[in-house]
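Reckoned from all heavy atoms, side chains included, excluding hydrogens, waters and symmetry mates. Predicted model only: the values in this text are computed from it and were never measured.
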Amino acid sequence: MNIGVFVCHCGSNIAGTVDTVAVAKAALAYPEVVFATDTMYACSEPGQAGIIEAVQKYELDGVVVASCTPRMHEATFRRTVERAGLNRYMFEMANIREHVSWIGKDKDANTNKAAELVHIAVEKLRRNTELTAGEFTINKRVMVIGGGVAGIQAALDCADGGLEVVLVEREPSIGGKMSKLDKTFPTVDCSSCILGPRMVDIAQNPNITLYTLSEVESVDGFVGNFDVKVRRKAAYVDWTLCTGCGECAAKCPSKKTPDRFNEFIGKTTAINIPFPQAIPKKASINAAACLMLTKGKCGACVKACPAGAIQFKQEDEIVTEQVGAVIVATGYDLFDFTQYGEYGGGRYPDVITSMQYERLLSASGPTEGHIKRPSDGKEPKDIVFIQCVGSRDKSIGRPYCSGFCCMYTAKQTILTKDHLPESQSYVFYMDIRSPGKGYDEFIRRAMEEYGARYIRGRVSAIQPKNGRYLIKGVNTLMGDQVEIEADLVVLAVGAEAAKGAPQLAEKLRISYDTYGFYMEGHPKLKPVETNTAGIYLAGSCQGPKDIPSSVAQGGAAASKVLGLFSKDKLASDPQVSSVSLQRCIGCAKCQSVCPFGAIEMTQFRGMTKASVIATVCQGCGNCTSACPQGAIQLSHFTDNQILAEVHALCPY
Amino acid sequence: MSRRYAYYPGCSGQGTSREYDSSTRAMCQELGFELIDIPDWNCCGSTPAHAVDHLLSASLVARNLAIAEDMDVEGIVTPCPSCLKNLKTSQHRMLRPEFHQEVQRVLGRAVRADLPIKSVLQVLVEDRGIGWIAQQATAPLTGLKVVPYYGCIMNRPPDVMRFDDPENPMALDNLLTAIGAEVLPFALKTDCCGASLGTTRRDVVARLSGRVLDAAAAAGADAIVTACPLCQMNLDMRQAQINKANGSSHRLPVFYYSQLIMLATGQQGERVGLDKLCVSPFSLLESLGPQAGEVRS
Amino acid sequence: MSVLEGKELRIIGFLCNWCSYGGADTAGVGRFTQPTDLRIIKLPCTGRINPLFVVRAFLNGADGVLVSGCHPRDCHYTAGNFYARRRLEVLRSLLPVMGIEPARFEYTWVSASEGQRWRTVVQKFTEQIHGLGPIPAFKSGTCLEACLGTAI
Amino acid sequence: MPATTLTNSYDAAFVAEVRRESEQNLALCYQCGNCTAGCPVSFAYDFPVNQIMYLVQTGRKMEALTSHAIWLCASCETCTTRCPNDIDVARVMDVLRHMARRENLVAEHSIHAFWNSFLSSVERYGRVFELGLMASYIGKTGRVLTDADLAPVALRKGKLTFKPHDIHGVAEVRDIFKRYREHRS
Ligand SMILES: Cc1cc2nc3c(=O)[nH]c(=O)nc-3n(C[C@H](O)[C@H](O)[C@H](O)COP(=O)(O)OP(=O)(O)OC[C@H]3O[C@@H](n4cnc5c(N)ncnc54)[C@H](O)[C@@H]3O)c2cc1C
Ligand SMILES: Cc1cc2nc3c(=O)[nH]c(=O)nc-3n(C[C@H](O)[C@H](O)[C@H](O)COP(=O)(O)OP(=O)(O)OC[C@H]3O[C@@H](n4cnc5c(N)ncnc54)[C@H](O)[C@@H]3O)c2cc1C
Ligand code: SF4
Ligand code: SF4
Ligand code: SF4
Ligand code: SF4
Ligand code: SF4
Ligand code: SF4
Ligand code: SF4
Ligand code: SF4
């Protein structure tokens with residue numbers, strides 16, 4: 001085998017702390033290496049051309065590129081060697097940037113280490129075989145999990161692209177956080193006016209199957225062919241019959257039911273339609289509050305319902321959907337501020353969250369859009385907003401910025417002035433983050449035109465005083481302590497990962513960060529992909545995002561799915577396991593550990609042998625490790641290859 | 001062709017900066033500008049007036065403008081940036097009709113406030129041009145290393161002054177280069193010298209002017225060249241005070257640019273007023289060679 | 001080339017592609033400086049690790065072996081890291097039998113986002129190995145491999 | 001320092017007055033500090049100029065008007081030149097002095113005295129009579145030694161005269177002062 005080695009400078013990224021020339025020289029000493037050189041930017045046009053030229057000139061059979069992480073450019077270079085006429089799997093990468101030049105300062109040590117990483121790549125490559133990708137058919141249906149604005153956008157774009165869409169939402173209605181907002185920055189247009197029609201589109205689009213009050217139970221399969229089990233939770237109402245007339249709610253005597261949709265400001269009935277624009281507009285019963293379901297007596301709704309839709313005996317139902325791709329758009333949840341004792345820890349009725357304030361502002365909210373204090377229903381005059389509550393605070397494990405709260409706080413001060421011209425808003429902030437288009441201008445408008453008084457500094461305490469609250473804090477611009485007497489305090493609570501996000505991630509086999517936000521495939525180049533093929537992300541499940549960005553991601557994820565589905569068949573990764581019939585003793589240990597059911601036990605000349613279904617195998621290698629005979633080997637990660645790598649590093 | 005300007009000397013021209021006044025008049029005569037004193041001009045009120053009331057300040061200015069408007073001139077010039085700023089700012093504010101009205105009421109007469117107002121430096125550079133001035137420099141100041149010091153308000157605020165770059169003015173640099181001096185790069189060109197705080201807060205001036213002197217010396221300058229009487233006074237007359245306060249020992253002559261133009265055009269004598277400088281420039285000028293040495297009268 | 005005499009010890013890392021290899025990348029992107037001793041061998045999954053690899057590394061002169069994969073329940077292949085854990089627990093219990101200090105072997109979970117954590121893991125493990133010093137040479141012809149083969 | 005109670009520290013009339021007299025809207029100030037960054041006298045201020053602007057913005061009248069900074073300002077216009085929001089900061093400093101003077105809140109008596117002496121010299125003679133000005137200033141402040149070291153030099157160089165440079169139209173100048181006072185009262 002003739003192997004060529006290319007050691008990339010990546011400008012000074014690598015060459016700054018690795019002697020690339022020395023690495024190339026060392027490589028020449030490795031077995032079967034016939035050519036080695038350093039190159040300025042291996043991935044660039046001339047860099048790739050250099051590889052192709054060398055392959056042809058030196059009749060190379062395999063190529064090692066020592067450069068960045070394979071996550072960055074493995075696919076690029078596989079295409080390069082293919083263009084040079086080689087099999088694309090006759091290629092290995094040595095990661096001498098992320099794993100060497102960027103983390104070590106000692107040039108000698110780095111150079112030595114880089115050379116050794118090249119050595120193991122060479123040893124592995126020597127044992128590679130040419131592989132050809134198989135093909136498998138794909139199921140061109142897509143599931144969108146989460147019906148917030150990001151999920152809605154993704155679902156509609158996919159449906160418009162001709163795909164069948166299954167939209168799964170765990171609340172009774174789609175709409176997500178946006179459906180709770182009054183007006184939205186930076187245009188201050190009414191949230192339901194722009195979201196409402198899109199929600200109706202979801203209901204009316206024949207390509208979309210909508211499951212609300214539903215959650216994903218399990219996910220099996222792989223890209224192109226996922227089997228997803230969805231749990232449709234009991235609504236205790238037959239939605240095929242319910243017309244959404246609302247008679248039931250009007251009659252329901254359980255009127256003190258906590259109102260989730262209204263962020264627990266005000267009460268609702270045990271049976272209800274969460275809000276007038278809900279999609280689907282169907283009633284559901286809160287089992288914990290229903291007198292019938294808890295105490296066995298009532299049934300007022302049954303009498304009221306003209307459609308006969310109430311069904312106390314309804315149970316959760318599991319449906320299985322087959323889809324080829326999944327878009328996750330499960331959004332975010334809000335930080336529970338009660339752990340901040342200095343803000344009253346939830347004890348003060350007029351210290352509320354920003355989302356509760358949205359409900360107070362909203363014409364469809366519990367106060368019909370009148371700003372009233374929850375404690376006594378009085379109109380507030382002085383209102384204090386506190387930003388960064390539960391964001392940018394390492395001490396509570398939330399060092400990140402929630403991104404949109406600066407903006408919505410400014411919006412809320414503007415709306416406050418519109419609602420209550422006599423009021424005065426005060427905003428405590430650490431700094432203002434408003435990098436979007438027109439955003440900083442928006443913040444300035446809140447200050448300059450609407451007279452919101454911004455105080456740079458934190459609040460140390462909120463204390464009740466004569467029916468109002470004394471807010472004590474600092475003004476760091478002047479370096480003095482300040483006090484404000486206010487009627488209402490609104491906390492700009494930060495965003496955190498949606499409840500249950502890690503559990504869902506585990507079902508989907510995608511990764512999440514320390515805070516539970518989902519990991520994108522690459523922070524810059526794969527913002528809506530995950531590292532699991534066929535699973536995409538949209539909206540604030542990946543990290544806090546405002547509406548424009550969430551919508552953009554919804555569209556981007558949809559276009560990724562449409563791109564994936566533009567082919568009728570997908571190429572499978574040929575780096576799969578295969579069985580040596582001579583060695584296999586038919587013990588089926590491999591089958592028992594294969595997570596994908598990719599191994600069948602078959603009969604061969606009267607003997608039981610394992611056999612791998614190549615299109616199902618995902619290449620994890622669990623079987624290879626489990627086999628007592630070394631009979632089943634994962635190609636390109638065979639025992640021999642890995643041991644050769646070990647030997648390269650530990651030669652004694 | 002000679003150009004006619006109404007000339008506003010400013011109070012300091014009759015006192016602490018007589019040599020600026022006399023060398024400016026002489027320079028303009030040599031270079032073909034006709035300066036006609038605004039008859040019976042009065043003090044513009046300087047910083048105290050605008051610090052006390054903008055109406056008072058503008059009214060004091062307006063009397064001079066009104067008189068100049070009766071003269072047959074193309075504009076008003078003054079050598080002093082502080083006067084210039086007062087004249088121009090007041091004129092600028094009078095663009096607002098109500099304020100214009102108020103000023104006329106206090107002044108007791110009508111004033112148009114529309115004559116162009118410029119510094120002598122500005123008309124020199126704009127009306128005559130650097131190239132032309134270079135040609136007049138028959139006795140170029142070869143070997144003289146200077147830093148140009150514009151002071152803070154020659155070009156500021158830019159909306160009102162409308163001359164040269166407010167952060168990196170070049171008029172003096174170009175002019176001095178044109179007459180053969182070696183102009184060193186100087187970062188403190190427009191830093192404030194402490195202005196009129198000299199009397200009331202010496203510490204402030206010692207610090208600010210001290211910084212200018214230190215930087216000029218560090219740059220390797222033989223001398224500083226200014227176009228502002230207040231700067232010149234702080235740097236020159238107060239140089240000993242500053243040295244004492246800061247423990248420094250500068251002996252840097254501080255010229256008016258007009259004095260150097262006179263020298264470079266081969267003029268000398270009383271009008272140049274080199275003997276009025278507190279830090280004597282003579283040994284420096286002698287060291288430049290016989291030709292420059294001759295200028296001593 | 002060989003280990004930089006006196007500076008480095010020989011540490012081998014077996015990392016799963018999805019989590020820890022990505023975590024090491026993240027650490028690189030974050031420019032989190034680390035000791036240079038570690039050499040990483042990429043595997044699709046920790047479930048691909050045959051304890052033999054670890055033993056082989058020790059027999060051939062590795063001073064330390066680090067295995068790192070996805071957090072429990074977070075395996076890209078659902079359960080690979082569980083199998084790995086089972087096998088590696090057995091291995092760990094056998095190390096003293098083979099005359100290898102158990103502290104020379106470690107397995108840990110680092111996700112792709114945990115660059116900072118990866119740095120800490122590498123730093124601590126490298127320190128630990130330097131504390132133990134170079135591994136004593138094994139005499140050839142031992143029956144360790146054979147023992148291992150039957151034990152697992 | 002006692003805590004500032006923001007609910008009643010905002011003096012709206014003061015904010016409006018500064019805005020009217022200076023024609024500058026301090027609501028535009030975003031406290032970037034550019035003005036202070038370039039202010040040559042900042043080291044001698046009690047409040048840096050950006051904080052003075054902040055006091056105006058937040059209606060904290062007494063702190064603004066009793067500050068020393070507004071008197072120490074050298075009117076160098078650096079702040080005005082650099083303000084990204086085109087606020088004429090130096091003009092606001094001027095206006096604050098005007099207001100402080102009117103309300104008898106002058107914090108820097110010697111500077112104020114110097115200006116008064118200067119203006120009375122102008123009123124009396126039409127132009128500044130430097131020796132007379134110094135005499136008057138020393139009389140007002142009792143600072144006998146003020147620039148005493150400079151006088152001999154200046155006299156020797158012919159830069160100080162014992163005679164005022166009075167002008168013919170001094171009556172006109174006095175009338176300006178007179179009408180100005182009437183206008184302002
Ligand atoms: C007080 C406040 C005011 C705001 N104002 C503005 C504004 O004016 N302008 C602006 O641009 N942005 C604003 N935002 C931000 C805005 O809310 C978000 O940008 C937007 O809602 C993100 O949409 P999303 O679809 O990503 O997430 P979400 O709106 O959170 O939607 C996620 C959906 O997924 C569902 N879901 C979650 N987990 C599961 C699961 N496991 N299975 C099924 N379904 C699930 C949820 O029930 C929800 O319906 C504001 C935020 C707050 C807190
Ligand atoms: C100093 C600096 C550092 C940055 N660092 C980072 C960073 O670390 N991380 C990060 O995420 N972002 C960074 N950015 C931002 C990053 O540069 C942009 O996000 C990104 O380049 C935007 O890509 P684009 O394709 O939209 O625009 P561009 O990169 O501007 O590409 C536009 C292309 O269109 C071409 N073009 C323009 N007009 C025409 C025309 N009429 N016809 C044909 N072609 C035309 C241009 O020549 C250009 O090639 C940085 C920006 C700067 C200035
Ligand atoms: S191949 Fe990787 S390391 Fe080389 S230049 Fe490209 S990005 Fe940089
Ligand atoms: S009364 Fe019946 S039909 Fe009407 S909303 Fe209730 S359940 Fe639905
Ligand atoms: S049965 Fe339950 S939901 Fe129906 S009306 Fe009674 S309390 Fe309400
Ligand atoms: S967006 Fe603003 S309020 Fe929200 S966490 Fe970031 S800085 Fe704080
Ligand atoms: S574990 Fe190995 S021997 Fe057993 S059935 Fe699978 S391939 Fe055959
Ligand atoms: S490598 Fe083996 S265990 Fe893994 S998916 Fe393929 S057949 Fe199953
Ligand atoms: S004008 Fe006054 S406040 Fe402004 S920079 Fe100059 S000295 Fe400072
Ligand atoms: S420069 Fe302007 S905007 Fe910045 S702090 Fe000063 S006044 Fe405010």
Side chain, backbone, both or neither: which part of D:Ile70 has a heavy atom under 4.5 Å from chain B?
neither
Measuring from D:Tyr180:OH to B:Leu60:CG, what's the distance to the nearest 0.5 Å?
10.0 Å
Here the pair of heavy atoms bringing D:Arg184 nearest to B:Asp53 is NE-OD2, 2.5 Å
Side chains of B:Arg156 and D:Thr80: closer than 4.5 Å at any heavy-atom pair?
no
Against chain D, label B:Cys11 side chain, backbone, both or neither, depending on which of its atoms sit under 4.5 Å from a heavy atom there.
side chain
Quick one: which of B:Ile67, B:Val106, B:Thr89, B:Asn42 has the most heavy-atom pairs under 4.5 Å with chain D, could you say?
B:Val106
Could you pull out the closest heavy-atom pair between D:Cys76 and B:Ile153, with the gap in Å?
O-CG2, 3.5 Å
Per-residue tally against chain D (heavy atom, under 4.5 Å) across B:Pro158, B:Ala51, B:Cys152 peaks at B:Ala51
Closest heavy-atom contact between D:Ala44 and B:Arg201?
CB-NH2, 4.0 Å
Could you give the distance from CZ (B:Arg93) to CZ (D:Arg91), rounded to the nearest 0.5 Å?
4.0 Å
Top of B:Gly15, B:Gly273, B:Ala195 for chain D proximity - count of heavy-atom pairs under 4.5 angstrom
B:Gly15
Flag the one option from D:Trp71, D:Phe129, D:Trp115 with the top tally of heavy-atom pairs under 4.5 Å to chain B.
D:Trp115
Give me the atom names and distance for the closest heavy-atom approach of B:Cys278 to D:Val153.
SG-CG1, 3.7 Å
Any non-hydrogen side-chain atom of D:Lys157 less than 4.5 Å from a side-chain atom of B:Met237?
no
Determine the option with the most heavy-atom pairs under 4.5 angstrom with chain D, choosing from B:Ala62, B:Cys44, B:Cys43.
B:Cys43
Relative to chain D, which segment of B:Pro166 carries a heavy atom at a distance below 4.5 Å: side chain, backbone, both, or neither?
side chain
With a 4.5 Å cut-off on heavy-atom pairs, point out which of D:Leu150, D:Asp175, D:Val170 contacts chain B the most.
D:Leu150
To the nearest 0.5 Å, what is the distance between CZ on D:Arg181 and CG on B:Leu56?
8.0 Å
Give a yes or no on whether the backbone of B:Leu107 and the side-chain of D:Arg179 come within a donor-acceptor separation of less than 3.5 Å.
yes
Which pair of heavy atoms, one from B:His50 and one from D:His98, lies closest together, and at what distance?
O-NE2, 2.6 Å
Highest number of heavy-atom pairs under 4.5 Å with chain B: which of D:Arg82, D:Glu21, D:Met93?
D:Arg82
In terms of heavy-atom proximity below 4.5 Å to chain D, should B:Asp159 be classed as side chain, backbone, both, or neither?
neither
For the CD atom of B:Glu102 and the NE2 atom of D:His183, what is their distance to the nearest 0.5 Å?
3.5 Å
Looking at B:Ser17, is its backbone amide N or carbonyl O close enough to the side chain of D:Lys159 to form a donor-acceptor pair, meaning the two atoms are under 3.5 Å apart?
no
Looking at D:His165, D:Arg127, D:Glu77, D:Arg97, which has the largest count of heavy-atom pairs under 4.5 Å with chain B?
D:Arg127
Can you give me the closest heavy-atom contact between D:Asp94 and B:His54, atom names plus distance?
OD2-NE2, 2.9 Å
Quick one, B:Gln14 and D:Glu130 - any side-chain contact, counting heavy atoms below 4.5 Å?
no
Is it the backbone or the side chain of B:Leu277 that comes under 4.5 Å from a heavy atom of chain D, or both, or neither?
backbone
Is any side-chain heavy atom of B:Ser46 closer than 4.5 Å to one of D:Phe118?
yes
Cut-off 4.5 Å, heavy atoms of chain B, and the answer for D:Glu108 is side chain
Side chain, backbone, both or neither: which part of B:Thr47 has an atom under 4.5 Å from a heavy atom of chain D?
side chain
Rounded to the nearest 0.5 Å, what separates atom OG1 in B:Thr199 from atom CZ in D:Phe114?
4.0 Å
Does the distance from a Lys or Arg side-chain N to an Asp or Glu carboxylate O, for D:Glu172 and B:Arg109, drop under 4.0 Å?
no
Is B:Leu197 in contact with chain D via its backbone, its side chain, both, or neither, using a 4.5 Å heavy-atom distance?
side chain
Region of D:Arg101 that comes under 4.5 Å of a non-hydrogen atom in chain B
side chain
Rounding to 0.5 Å, atoms CZ (B:Arg63) and CD1 (D:Ile167) come to a distance of 4.5 Å
For the pair B:Asp40 and D:His168, evaluate side chain to side chain donor-acceptor pair (under 3.5 Å) and give the outcome as yes or no after the intermediate values.
CA-CA 6 Å; B:Asp40 204 38; D:His168 304 303; 4.8 Å; no
Can you confirm whether B:Arg96 sits close enough to D:Glu23 that some side-chain heavy atom of one is under 4.5 Å from a side-chain heavy atom of the other?
yes
Can I get a per-line list of side-chain donor-acceptor pairs under 3.5 Å for residues 205-214 of chain B, giving both atom names and the distance, sequence neighbours left out?
residue	atom	partner	partner atom	Å
B:Ser209	OG	B:Cys193	O	2.7
B:Asp214	OD1	B:His250	NE2	2.6

My understanding is that only one of D:Asn116, D:Leu119, D:Val122, D:Ile111 makes a side chain to side chain contact (heavy atoms under 4.5 Å, CB included) with B:Pro48; could you say which?
D:Leu119
Answer with side chain, backbone, both or neither: which region of B:Asp191 has an atom nearer than 4.5 Å to a non-hydrogen atom of chain D?
neither
